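Below: one structure, written as structure tokens.
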Amino acid sequence: MDGPHVVEVLEALKNLYGTRPWNWHTQQKPFYVLIATILSQRTRDSQTDEAAQRLFSRYSSPQALASAPIEEIEKLIIPVNFYRTKAKRIKEVSSLIVRDFGGEVPRSFDLLTRLPGVGRKTANCVLLYGFHETALPVDTHVHRIANRLGWIETNTAEDTERLLKSIVPKEWIPLVNDLFVKHGQTLCSPVRPKCSDCPIAYLCKYGKQAFKGK
DNA sequence: AAAACGGGGGC
DNA sequence: GCCCCAGTTTT
């Protein structure tokens with residue numbers, strides 16, 4: 001069997017979804033991207049964007065958030081999931097950025113993942129959207145789609161990240177994450193994916209199986 | 001490896 | 001009422 005049809009898949013998704021950034025917070029400064037990405041964890045993007053804009057219209061800098069009362073942050077970011085934990089972490093992250101990095105978000109995977117509430121995926125989002133580096137965030141959508149396509153057998157997001165980095169042509173890297181998430185939010189949904197409407201079903205292990213016997 | 005975090009909004 | 005959500009940390 002031949003390898004993953006990476007470029008065919010990406011071309012098809014680009015034709016389907018275009019190249020417009022998928023939401024508001026991906027076009028902001030690194031600090032905004034960082035905070036909005038923390039807000040986005042396990043939370044729908046519409047809720048994330050509204051909460052992030054409420055928060056930033058009241059507190060617009062690391063310094064302001066570092067000295068903001070936790071309860072105020074909480075109130076502003078409801079209804080995002082885990083809002084109490086996130087409010088605490090947002091304050092901590094802001095304080096650390098002020099104390100340790102002169103108020104600037106560090107441009108380094110290792111330093112970013114040392115911040116509370118910042119894991120692999122969030123750090124890669126900051127590098128990709130905030131600093132325009134060729135980072136490759138892997139969330140549940142990206143991971144699920146890589147699995148369904150039959151590109152990976154292993155089951156960790158880190159393996160998916162490594163695999164995608166190795167097979168995606170460089171010029172596509174800024175788009176991969178965006179296109180996969182859009183696809184995951186629409187046709188390639190977690191349950192009942194709409195394979196009959198999917199332009200890449202014929203390249204997809206899961207999609208082919210969905211049509212078997214029809 | 002599994003559980004905890006943890007609550008509003010869509011159906 | 002039930003189920004889900006651009007994950008991360010803790011047990």
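Being a predicted model, the structure only gives us computed values, none of them experimental. Numbers restart at 1 for each chain; the letters A, B, ... are given by sequence-line order, proteins then strands.
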Presence of S40(A) side-chain N/O under 4.0 Å of dG7(C) phosphate oxygens OP1/OP2: no

Between dC4(C) atom P and R192(A) atom CZ, what is the distance in whole Å? 12 Å

Mind checking ring-ring contact (aromatic ring centres under 6.0 Å, His included) for F56(A) and listing every partner two or more places apart, or none if nothing turns up? Y32(A)

Heavy-atom nearest nucleotide on DNA chain C taken for G119(A) and for P190(A); more 5' hit belongs to P190(A)

If you only use heavy atoms from C-beta on, which nucleotide in dC5(B), dT8(C), dG8(B) is closest to the side chain of K121(A)? dT8(C)

Between CD1 of I90(A) and P of dG7(C) the distance, given in whole Å, is 15 Å

Just by distance, no angles: are the side chains of D45(A) and T48(A) close enough, under 3.5 Å, to form a donor-acceptor pair? no

Could you check which of dG7(C), dG8(B), dG6(B) has an atom nearest any side-chain atom of R42(A)? dG7(C)

Nearest to side-chain heavy atoms of T122(A), which nucleotide of dT9(C), dG7(C), dG9(B): dG7(C)

Going by salt bridge (charged side-chain N to carboxylate O under 4.0 Å, His left out), name the residues that satisfy it together with E92(A), two or more places apart in sequence or in a different chain. none

Considering every strand and a 4.0 Å limit on heavy-atom distances, what is the contact class for I77(A): base, sugar-phosphate, or nothing? nothing

Those residues that, when tested against K91(A), pass salt bridge (charged side-chain N to carboxylate O under 4.0 Å, His left out) (two or more places apart): none

A side-chain contact here means heavy atoms from C-beta on lying under 4.5 Å apart; do L16(A) and I200(A) qualify? no

Does dG7(C) have OP1 or OP2 under 4.0 Å away from a side-chain N or O of T140(A)? yes

Residues D178(A), K182(A): salt bridge by 4.0 Å N-O rule: yes

Nearest non-hydrogen partners of F180(A) and A146(A), listed with the distance: CE2-N, 4.5 Å

Would you give me the side-chain donor-acceptor pairs under 3.5 Å for residues 69-76 of chain A, sequence neighbours excluded?
residue: E72(A); atom: OE2; partner: K75(A); partner atom: NZ; Å: 3.4

Just the rounded figure in Å: distance from P of dG7(C) to CG of L115(A). 19 Å

Looking at residues at least two apart in the chain, or sitting in another chain, which of them share a ring-ring contact (aromatic ring centres under 6.0 Å, His included) with Y83(A)? none

Whole angstroms only, please: what is the CG-C1' distance between D139(A) and dC4(C)? 15 Å

Quick one, which residues of residues 44-57 of chain A touch DNA chain C with a heavy atom under 4.0 Å? R44(A), D45(A)

Tell me, what's DNA chain B's dot-bracket, Watson-Crick or G-U with both distances under 3.5 Å, | for other-strand, [ ] crossing? |||||.|||||

Output all residues satisfying side chain to side chain contact (heavy atoms under 4.5 Å, CB included) with R148(A), sequence neighbours left out; order by chain, then residue number. R144(A), C188(A), P193(A), C204(A), Y206(A)

Here the distance between atom P of dT10(C) and atom CZ of F82(A), to the nearest Å, is 14 Å

Between Y83(A) (OH) and dG8(B) (P), how many Å, whole number? 6 Å

Stepwise, does the side chain to side chain contact (heavy atoms under 4.5 Å, CB included) test hold for K121(A) with T37(A)? CA-CA 9 Å; K121(A) 179 256 171 187; T37(A) 305; 3.7 Å; yes

Can you check side chain to side chain contact (heavy atoms under 4.5 Å, CB included) on I97(A) and E104(A), steps first, answer last? CA-CA 6 Å; I97(A) 286 174; E104(A) 298 293 325; 5.7 Å; no

R89(A) CZ to dA4(B) P, straight-line distance once rounded to whole Å: 16 Å

Looking across every strand, which nucleic acid part, if any, lies under 4.0 Å from V118(A) by heavy atom: base, sugar-phosphate, or nothing? sugar-phosphate

Could you measure between the two C1' atoms, the one in dC2(C) and the one in dG6(B), and give it in whole Å? 16 Å

Interatomic distance, K86(A) NZ vs dT9(C) P [rounded to whole Å]: 12 Å

What are the residues of residues 160-168 of chain A, sorted by number, that bring a heavy atom to within less than 4.0 Å of DNA chain B? none

With the threshold set at under 4.0 Å for non-hydrogen atoms, list the residues of residues 169-186 of chain A touching DNA chain C in residue-number order. N177(A), V181(A), Q185(A)

For residues 122-130 of chain A, run the donor-acceptor check on the side chains, cut-off 3.5 Å, and write out each pair with its distance to 0.1 Å, sequence neighbours left out.
residue: T122(A); atom: OG1; partner: Q41(A); partner atom: NE2; Å: 2.9
residue: N124(A); atom: ND2; partner: R120(A); partner atom: O; Å: 3.2
residue: N124(A); atom: ND2; partner: E161(A); partner atom: OE1; Å: 3.4
residue: N124(A); atom: ND2; partner: E161(A); partner atom: OE2; Å: 3.4
residue: Y129(A); atom: OH; partner: N177(A); partner atom: ND2; Å: 2.5

All side chain to side chain contact (heavy atoms under 4.5 Å, CB included) counterparts of Q63(A), not counting sequence neighbours: S61(A), V98(A)

Looking only at side chains, do Y17(A) and T186(A) share a donor and an acceptor under 3.5 Å apart? yes

